Amino acid sequence: MTELHHIPAALILPLLLAVSCTKHSPEQDRSAIAFAPAPHTKSIVEAPADMQRFAVWGYFTPEGNTASEEIFSRTEVYRPDDGFGDWTYGSPRYWTEGSYRFYAVHPFPDTTAVKAACTDGTGLTIDFSSPAADIDLMTAAATRTYSAANPASADAVPLDFGHLLARVSIVVSTQGGEITINSLKFSGMHIAGTCSYTPAAASAADQVKWTVDDGAQDGTGLFTLVSDAEALSGERTYADLLLIPGQDPSASTVNLVYTVGSSEAETVSMNLPAAPLWECGKRYTYTITVKPGSAELNIHVNEWNEFGDYSDDYPVRW
């Protein structure tokens with residue numbers, strides 16, 4: 001597992017915490033809490049306005065103490081007015097002298113696809129299930145020491161969300177004219193697992209850890225990308241899936257049935273190569289190039305939001 005990759009150009013949802021001096025009540029010193037996303041480059045979530053509601057946990061340690069108290073607990077952060085207002089949440093919190101730790105999960109953990117807990121104040125445990133492989137699971141963490149003598153310590157706390165999943169694209173390309181795609185399936189990957197997110201871990205490999213039950217067949221993904229015959233000329237992306245990293249790709253199978261002209265249907269079926277291993281925050285493009293009598297698989301590895309200018313190529317002839 002490599003280091004958690006963050007969204008290029010930083011998708012930042014700042015947590016604006018109001019300043020409150022100890023000699024004044026919050027009502028006397030109140031400043032509205034707001035969330036202000038910054039622009040970033042394209043990804044599955046293409047703009048801050050595209051983000052769904054998310055959850056924040058927060059821990060406060062008073063100055064001179066060692067014991068922490070939880071001040072945010074799976075607190076829902078959302079946009080009112082049907083998703084067009086400013087980011088907000090429930091009861092306001094105010095700065096007090098001391099240190100703070102914040103953790104966030106996107107999208108908001110519910111009781112089905114995403115469940116999250118922060119029990120020790122040092123990280124998150126996330127139970128994840130995505131049968132459609134369409135959830136952009138992200139996390140963020142930030143620390144802050146607040147001092148009334150330093151007004152800048154009450155500035156916005158940036159929540160820089162990084163992707164916890166691998167982006168896997170399945171592309172079919174033709175050479176020599178039009179073909180008919182009769183069937184295309186991609187299967188064998190796990191779509192459920194548990195992630196441990198510990199941003200303060202000593203090594204990058206320990207910051208994000210995924211586990212799946214390799215022996216369990218329940219929850220193994222099967223994606224039927226084409227079921228009815230359709231013509232293809234040129235190149236088309238048939239899947240753009242968000243999958244759990246750390247899995248061995250060789251457990252996944254691509255099955256393609258195609259016809260060239262009036263000839264008999266041809267079938268290409270094989271497990272993906274073991275390399276490259278899926279890592280969080282990376283994009284893996286598997287391009288099947290079809291020509292009469294043969295097919296070739298090329299694997300390209302990019303950063304999450306890149307496509308076309310490949311950083312690595314892994315040509316495989318079937």
Side-chain angles (χ1 to χ4, degrees), residues 3-17 33-59 72-80 82-90 101-118 122-143 156-168 191-199 207-210 240-245 279-283 303-305:
E3 181 181 359
L4 173 64
H5 290 267
H6 296 279
I7 299 174
L11 170 58
I12 300 176
L13 293 179
L15 176 60
L16 304 182
L17 295 174
I33 295 173
F35 291 86
H40 66 288
T41 54
K42 290 182 179 180
S43 64
I44 294 294
V45 174
E46 294 190 350
D50 294 334
M51 287 190 69
Q52 303 174 44
R53 61 198 179 108
F54 60 92
V56 170
W57 285 258
Y59 296 84
F72 289 86
S73 179
R74 192 171 164 269
T75 301
E76 180 182 358
V77 181
Y78 62 96
R79 291 186 299 263
D82 295 324
F84 294 101
D86 294 331
W87 290 96
T88 187
Y89 59 87
R101 302 186 308 278
F102 302 99
Y103 308 96
V105 172
H106 172 278
F108 184 80
D110 55 23
T111 58
T112 53
V114 181
K115 303 175 186 177
C118 185
T122 62
L124 299 165
T125 299
I126 303 168
D127 292 326
F128 179 73
S129 176
S130 183
D134 60 350
I135 297 174
D136 194 353
L137 184 65
M138 299 189 288
T139 52
T143 59
V157 178
L159 294 177
D160 186 6
F161 283 91
H163 300 282
L164 290 183
L165 301 174
R167 187 175 181 181
V168 178
I191 55 175
T194 299
C195 178
S196 172
Y197 174 59
T198 311
Q207 291 177 1
V208 178
K209 285 187 173 181
W210 277 97
D240 197 11
L241 306 174
L242 305 181
L243 299 173
I244 296 173
E279 300 178 21
C280 59
K282 295 277 190 171
R283 181 173 187 172
E303 295 304 316
W304 183 273
N305 62 302

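All figures in this text were calculated on a predicted structure; none of them were measured in a lab.
By the side chain to side chain donor-acceptor pair (under 3.5 Å) test, T111 is found to be paired with no residue, residues two or more places apart in sequence or in another chain being considered. The side chain to side chain donor-acceptor pair (under 3.5 Å) check on T198 picks up nothing, with sequence neighbours excluded. When the side chain to side chain donor-acceptor pair (under 3.5 Å) test is applied to T143, no partner is found at least two apart in sequence or on another chain. Legend: residues meeting side chain to side chain contact (heavy atoms under 4.5 Å, CB included) with P107, ordered by chain and number and at least two apart, are Q52, V114, I135, L137. Taking F108 as the reference, nothing meets the ring-ring contact (aromatic ring centres under 6.0 Å, His included) condition, with sequence neighbours excluded. The side chain to side chain contact (heavy atoms under 4.5 Å, CB included) check on A142 picks up V157, L159, with sequence neighbours excluded. Under the side chain to side chain donor-acceptor pair (under 3.5 Å) criterion, T125 pairs with no residue at all, not counting sequence neighbours. A search for salt bridge (Lys or Arg N to Asp or Glu O under 4.0 Å) contacts involving R53 returns E76, not counting sequence neighbours.
Smallest separation of non-hydrogen atoms from K115 and D110: CG-O, 3.6 Å. Closest approach of P199 to G123, counting heavy atoms only: CD-CA, 4.4 Å. Contact record, A166 with P245: N-CD, 4.2 Å, taken as the closest heavy-atom pair. Of all the heavy atoms in V56 and A104, the pair that sits closest is CG2-CB, 4.3 Å.
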Working for side-chain contact (heavy atoms from CB on, under 4.5 Å), residues F128 and L165: CA-CA 11 Å; F128 179 73; L165 301 174; 3.7 Å; yes
Passes side-chain contact (heavy atoms from CB on, under 4.5 Å), T112 versus S129? Steps please. CA-CA 7 Å; T112 53; S129 176; over 6 Å; no
Check the pair R74, W57 against side-chain contact (heavy atoms from CB on, under 4.5 Å), reporting the backbone distance first and the verdict last. CA-CA 5 Å; R74 192 171 164 269; W57 285 258; 3.7 Å; yes
Please test Y89 against F72 for ring pair (Phe, Tyr, Trp, His ring centres under 6.0 Å), starting from the C-alpha separation and ending with a verdict. CA-CA 10 Å; Y89 59 87; F72 289 86; 5.3 Å; yes
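In this model, no donor atom of one side chain and acceptor atom of the other lie less than 3.5 Å apart for D136 and H106.
In this pair, F54 and F161 present their aromatic rings perpendicular. The plane angle is above 60°, beyond the 30 to 60° band.
Put simply, the side chain of I126 does not reach to within 4.5 Å of the side chain of W210, judged on heavy atoms.
C118 contributes atom SG, which lies 8.0 Å from atom CZ of R101 (distance to the nearest 0.5 angstrom). To the nearest 0.5 angstrom, T194 atom OG1 is 8.5 Å from I244 atom CD1.
Between E303 and R283 no salt bridge is recorded (no basic side-chain N to carboxylate O distance below 4.0 Å).
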